Amino acid sequence: MKEQQTLVLIKPDGLVKSLTGNILTELSDVDIIITGAKIVQVTRELAEEHYNHLKEEKFFDELIKYVMGEYHTRRVLALVYHGTDTIGKVRRVIGETNPEEAEPTTIRGKYGRITKSGVFENVVHASENEKEAEREIKLWFRPEELVHNIYPTESKDVTKTEFFWKEKK
Ligand code: DAT
Ligand code: MG
């Protein structure tokens, strides 16, 4: 039994199909908690970095277009979950990568599909192991965006422009 955190993405097809509520409910049944959440417009740079281990695959370009939302809507819901054995629990709930092979009771089994051009529209992403979870969470979130974080942080003094809501005159 191990304290872990994992990155979950509700991909553009999941958002367009209004599956967010169902997915959050299924994930709330396995005793893990959300420690970070935000809606993200995925840039090509972020998509390619997230899937960098699949660069050589013939489906890479289509995968990048899909996760950037070219076929659905240009956003994903990014979540960090924390708890005991979180990585395995979440992977079991979402099911196999190929939605045709995923158990019908899993999220990908219920809601995923393969398009005519071979894109696995499999609704959700979840980190595969602790190393990937750390890499992915650090790619998608800043430390202060998580209410509980198990990775060490450090402070740096930086000057930067910040945006505020414009005051009404
Ligand atoms: P997972 O998302 O289950 O961790 P992965 O990391 O191997 O699977 O692949 C990332 C994504 O790439 C996956 O969600 C869908 C896509 N993909 C993987 N294998 C594929 C294939 N053979 N054909 C089309 N898309 C594929
Ligand atoms: Mg993976």
Side-chain angles (χ1 to χ4, degrees), residues 2-20 22-30 32 34-141 146 150-151:
K2 215 165 171 207
E3 285 278 286
Q4 292 175 329
Q5 48 193 358
T6 193
L7 179 80
V8 172
L9 302 176
I10 302 184
K11 294 176 176 178
D13 53 327
L15 294 181
V16 160
K17 293 175 177 172
S18 293
L19 295 172
T20 305
N22 300 40
I23 294 165
L24 295 182
T25 302
E26 301 230 13
L27 290 172
S28 71
D29 287 341
V30 292
I32 52 178
I34 298 172
T35 56
K38 63 177 175 180
I39 198 91
V40 181
Q41 283 190 319
V42 182
T43 60
R44 178 167 292 278
E45 191 187 13
L46 176 60
E48 289 185 352
E49 190 58 38
H50 178 75
Y51 281 129
N52 67 1
H53 58 294
L54 299 171
K55 270 202 300 280
E56 308 302 324
E57 301 290 343
K58 58 183 184 313
F59 57 80
F60 184 70
D61 287 348
E62 288 288 300
L63 173 64
I64 295 303
K65 279 195 215 161
Y66 157 58
V67 81
M68 285 175 67
E70 271 194 34
Y71 307 119
H72 302 92
T73 180
R74 208 190 147 120
R75 65 208 65 202
V76 306
L77 184 62
L79 302 146
V80 176
Y81 277 89
H82 178 96
T84 315
D85 295 325
T86 302
I87 294 172
K89 280 179 182 166
V90 174
R91 293 284 292 192
R92 278 190 291 280
V93 172
I94 73 169
E96 298 276 314
T97 304
N98 180 338
E100 300 287 327
E101 287 169 10
E103 290 290 327
T105 53
T106 60
I107 294 169
R108 285 167 165 179
K110 278 185 204 168
Y111 308 120
R113 68 169 195 149
I114 303 180
T115 66
K116 272 193 197 146
S117 50
V119 179
F120 287 10
E121 291 186 358
N122 59 7
V123 190
V124 273
H125 165 83
S127 311
E128 276 168 61
N129 53 49
E130 288 189 8
K131 191 160 166 271
E132 276 296 281
E134 179 168 356
R135 183 186 76 81
E136 292 172 358
I137 290 168
K138 289 178 175 176
L139 177 65
W140 287 81
F141 284 86
L146 306 180
I150 60 179
Y151 310 131

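For ligands, and for the atoms within them, numbers begin at 1 and follow the listed sequence. This is a predicted model, so every value here is computed, not measured.
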Atoms in ligand 1 flagged as close to Leu54, the criterion being non-hydrogen separation under 4.0 Å: 9 (O), 10 (C), 12 (O)
Closer than 3.5 angstrom, by distance alone: can the side chain of Thr86 be matched with the main-chain N or O of Gln4 as a donor-acceptor pair? yes
What's the shortest distance from atom 18 (C) of ligand 1 to any protein heavy atom, and which residue and atom give it? Phe59 CZ, 3.5 Å
Heavy-atom count around Glu103 CD within 6.0 Å, excluding the residue itself: above 12? no
By number and element, which atoms of ligand 1 are closer than 4.0 Å to a non-hydrogen atom of Gly118? 24 (C)
Glu121: heavy atom below 4.0 Å from ligand 1, yes or no? no
Are any side-chain N or O atoms of Lys55 and backbone N or O atoms of Glu48, one a donor and one an acceptor, separated by less than 3.5 Å? no
Tightest non-hydrogen contact, residues Gly36 and Leu146, listed as CA-CD2, 3.9 Å
Any side-chain heavy-atom pair from Leu9 and Trp140 closer than 4.5 angstrom? yes
Could you tell me whether the side chain of Glu136 and the main chain of Leu7 form a donor-acceptor pair under 3.5 Å? no
Applying the side-chain hydrogen bond (donor to acceptor under 3.5 Å, both in side chains) criterion to Asn122, which one of Arg113, Glu100, Lys11, Glu96 satisfies it? Lys11
Would His53 count as a contact residue for ligand 1, given that I'm defining contact as a non-hydrogen atom of the residue lying under 4.0 Å from a ligand atom? yes
Less than 4.5 Å apart, side chain to side chain, heavy atoms only: is that true for Ile107 and Leu19? no
Select one of side chain, backbone, both or neither to describe which atoms of Lys58 lie under 4.0 Å from any atom of ligand 1, heavy atoms only. neither
Is there side-chain contact between Ile150 and His82, with heavy atoms separated by less than 4.5 Å? yes
Are the side chains of Tyr71 and Asp13 in contact, using a 4.5 Å heavy-atom criterion? no
Atom 14 (O) of ligand 1 has as its nearest protein heavy atom Asn122 ND2, 2.8 Å
Which residue holds the protein heavy atom closest to atom 1 (P) of ligand 1, what is that atom called, and what is the gap in Å? Thr97 OG1, 3.5 Å
Distance to 0.1 Å, residue and atom name: give those for the protein heavy atom nearest to atom 4 (O) of ligand 1. Arg91 NH1, 2.9 Å
Parallel, tilted or perpendicular: which one describes the rings of His50 and His125, with boundaries at 30° and 60°? perpendicular
Listing by chain and number, which protein N, O or S atoms are under 2.8 Å from the Mg ion (ligand 2)? Glu128 OE2
What about His125: any of its N or O atoms under 3.5 Å from an N or O on ligand 1? no
A student checking ligand 1 against Lys11 at a 4.0 Å heavy-atom cut-off should list atoms 14 (O)
Using a 4.0 Å heavy-atom cut-off, which part of Glu128 comes near ligand 1: side chain, backbone, both, or neither? side chain
Under 4.0 Å from a heavy atom of Leu63: which atoms of ligand 1 are those, numbered in the order shown and with their elements? 11 (C), 12 (O), 16 (C)
Would you check if the side chain of Arg108 reaches a backbone N or O of Val124 as a donor-acceptor pair within less than 3.5 Å? yes
I need the nearest protein heavy-atom contact for atom 2 (O) of ligand 1: residue, atom name and distance, please. Arg108 NH2, 3.0 Å
Determine whether a donor-acceptor pair (N or O, by modelled atom type, separation under 3.5 Å) exists between the side chain of Lys17 and the backbone of Tyr111. yes
